Amino acid sequence: DVKVTQSSRYLVKRTGEKVFLECVQDMDHENMFWYRQDPGLGLRLIYFSYDVKMKEKGDIPEGYSVSREKKERFSLILESASTNQTSMYLCASSLVTDTQYFGPGTRLTVL
Amino acid sequence: SQQGEEDPQALSIQEGENATMNCSYKTSINNLQWYRQNSGRGLVHLILIRSNEREKHSGRLRVTLDTSKKSSSLLITASRAADTASYFCATDAVTGGFKTIFGAGTRLFVKA
């Protein structure tokens, strides 16, 4: 069965901290994605990766970076967390450019 | 503005009734998908319809696609309390590369 896991369900950080969100998939998928979800705005794509060490900016990459050193793992990094990055973060993976499989999400609060 | 926009934003029905949600989009697409999200959880893929298809069924779900109107509808028949969730349409634009664009979603409440 398809599985995407995220390192934390809930996370509380302080302004200025460096934050790592980890995502792991066990389906040997090429593509991995990071979204943030805010009320009324739907899902917005932050970054995606179509291969190891490859990354592409999404719609809202500012304030974020990513790392994909291994095929199964895609990390989202907030270099210096700010309060406007308080959000639900969702990771997804896909084999081709259609069905995406999502992790359970990480609800991040930046104080 | 977003590629996919759902309508209505929220819908409340009684158990056993049918629920219809609509999605409109702006550019030509390769396919359109519907996802469900239970409160505080990740999204779960429900159904995918390709641009050359007009209707698709999966259990109690029926999806239609009208590419001339750039719209899709999701019908859930004989709804259950467990169908309470947010429903999102997502489109893969012809020129979108790897990007799938999600709408803001419809919140469905099914009352027992």
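In this text, all values refer to a predicted model and were calculated from it rather than measured experimentally. A note on names: the letters A, B, ... follow the listed sequences, proteins ahead of strands, and every chain is numbered from 1. These numbers come from the heavy atoms of this one structure, side chains and all, not from hydrogens, waters or symmetry mates.
Members clustered with B:Phe109: none, using a 4.5 Å side-chain heavy-atom cutoff among hydrophobic residues.
Going from atom CD1 of B:Ile47 over to atom OG1 of A:Thr99 covers 10.5 Å, rounded to the nearest 0.5 Å. Taking CG of B:Leu43 as the reference point, atom CG of A:Leu43 lies at 5.5 Å (rounded to 0.5 Å). Considering NE2 of B:His45 and CZ of A:Phe102, their distance stands at 10.0 Å, rounded to 0.5 Å.
Residue A:Phe74 is grouped with residue A:Leu11 when hydrophobic side chains (ILVMFWY) are merged at heavy-atom distances under 4.5 angstrom, including chains of intermediate members. Residues A:Trp34 and A:Val24 fall into different hydrophobic clusters, defined by Ile, Leu, Val, Met, Phe, Trp and Tyr side chains chained together at heavy-atom separations under 4.5 Å. Hydrophobic cluster membership is shared by A:Val19 and A:Ile46, with clusters built from Ile, Leu, Val, Met, Phe, Trp and Tyr side chains linked at under 4.5 angstrom. If you chain together hydrophobic residues whose side chains sit under 4.5 Å apart, A:Phe33 and A:Leu76 never meet in one group. Residues A:Phe48 and B:Phe88 share a hydrophobic cluster, clusters being chains of Ile/Leu/Val/Met/Phe/Trp/Tyr side chains in contact below 4.5 Å.
Shown here for A:Gly40 and B:Ala104, the closest heavy-atom pair between the two residues is O-CB, 3.8 Å. Heavy-atom minimum distance, A:Leu90 versus B:Gly42: CD2-CA, 3.8 Å.
For A:Arg9, the part lying under 4.5 angstrom from a heavy atom of chain B is the side chain only. Only the side chain of B:Gln37 comes within contact range of chain A, with at least one heavy atom under 4.5 Å from a heavy atom of that chain.
Residues of residues 48-56 of chain B placed with any heavy atom under 4.5 Å of a heavy atom in chain A are listed by number as B:Leu48, B:Arg50. For a heavy-atom cut-off of 4.5 Å, chain A lies close to no residue in residues 59-74 of chain B.
Under a 3.5 Å cut-off, the side chain of B:Tyr35 and the backbone N or O of A:Gln100 do form a donor-acceptor pair.
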Less than 3.5 Å apart, which donor and acceptor atoms pair up between the side chains of residues 51-62 of chain A and the rest of the protein, not counting sequence neighbours?
unit_1	atom_1	unit_2	atom_2	d
A:Lys53	NZ	A:Glu69	OE1	2.5
A:Asp59	OD1	B:Lys99	NZ	2.8

